[in-house]
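First comes the structure, then the notes that go with it.
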Amino acid sequence: MTKILNDGFFEKNGFLFVCRSEKTRYGFRHVCDVAQKEGMRFFASFKRCYYNRTWERFTFESVLNDACRSLKIPVFESENG
């Protein structure tokens, strides 16, 4: 069973990104589910696993940008897009 630590919601280029942190036996992971805003259909999920502290500029940066690169849209430069 995973424990959700916190959630984050982000929007960019017609997509909604719903992110969460989950505690694991070895550290934690960030999970990002992606939906098209039109129709709100979730169609992809991405994850990044961490064994200790992460040095991201903002929470969920790496997993958000993994999703953006997969969708071929500009990456997030900050929490606001």
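- Legend: residues meeting side-chain hydrogen bond (donor to acceptor under 3.5 Å, both in side chains) with Ser70, ordered by chain and number and at least two apart, are absent.
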Can you list the steps and then say if Val34 with Phe42 is a side chain to side chain contact (heavy atoms under 4.5 Å, CB included)? CA-CA 6 Å; Val34 182; Phe42 283 90; 5.8 Å; no
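- In plain terms, the two heavy atoms of Pro74 and Asn13 that are nearest each other are CD-ND2, 3.7 Å.
- The distance from atom OG of Ser62 to atom CZ of Arg48, rounded to the nearest 0.5 Å, is 4.5 Å.
- Atom CZ of residue Phe43 and atom CG of residue Asp33 lie 10.5 Å apart, to the nearest 0.5 angstrom.
- Using a 4.0 Å cut-off between charged nitrogen and carboxylate oxygen, Lys47 and Asp66 do not count as a salt-bridge pair.
- Note on Val75: it does not cluster hydrophobically with Phe46, by side-chain heavy-atom contacts below 4.5 Å among ILVMFWY residues.
- For Phe9, the side-chain contact (heavy atoms from CB on, under 4.5 Å) partners two or more places apart in sequence, or in a different chain, are Asp7, Val18.
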Take Val31 and Ser45 through the side chain to side chain contact (heavy atoms under 4.5 Å, CB included) test and state the conclusion after the steps. CA-CA 7 Å; Val31 179; Ser45 186; 3.8 Å; yes
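- Closest heavy-atom contact between Glu22 and Arg29: OE1-NE, 2.7 Å.
- If you take CG on Leu64 and CZ on Phe15, they are separated by 13.5 Å, rounding to the nearest 0.5 Å.
- Looking at heavy atoms from C-beta onward, His30 lies out of side-chain contact with Arg20 at the 4.5 angstrom threshold.
- Contact of the Phe60 side chain with the Asn65 side chain is not registered, since no non-hydrogen atoms from C-beta on lie closer than 4.5 Å.
- Taking all atoms of both residues into account, the shortest heavy-atom contact from Phe10 to Glu79 is CD2-O, 3.5 Å.
- Under the 4.5 Å side-chain heavy-atom criterion for grouping Ile, Leu, Val, Met, Phe, Trp and Tyr, Phe58 is connected to Val63 within one hydrophobic cluster.
- Heavy-atom minimum distance, Tyr26 versus Cys49: OH-SG, 3.4 Å.
- Nearest heavy-atom pair, Lys37 versus Leu16, reported as atom, atom and distance to 0.1 Å: CG-N, 4.0 Å.
- In summary, the aromatic rings of Phe17 and Phe76 are positioned with their centroids under 6.0 Å apart.
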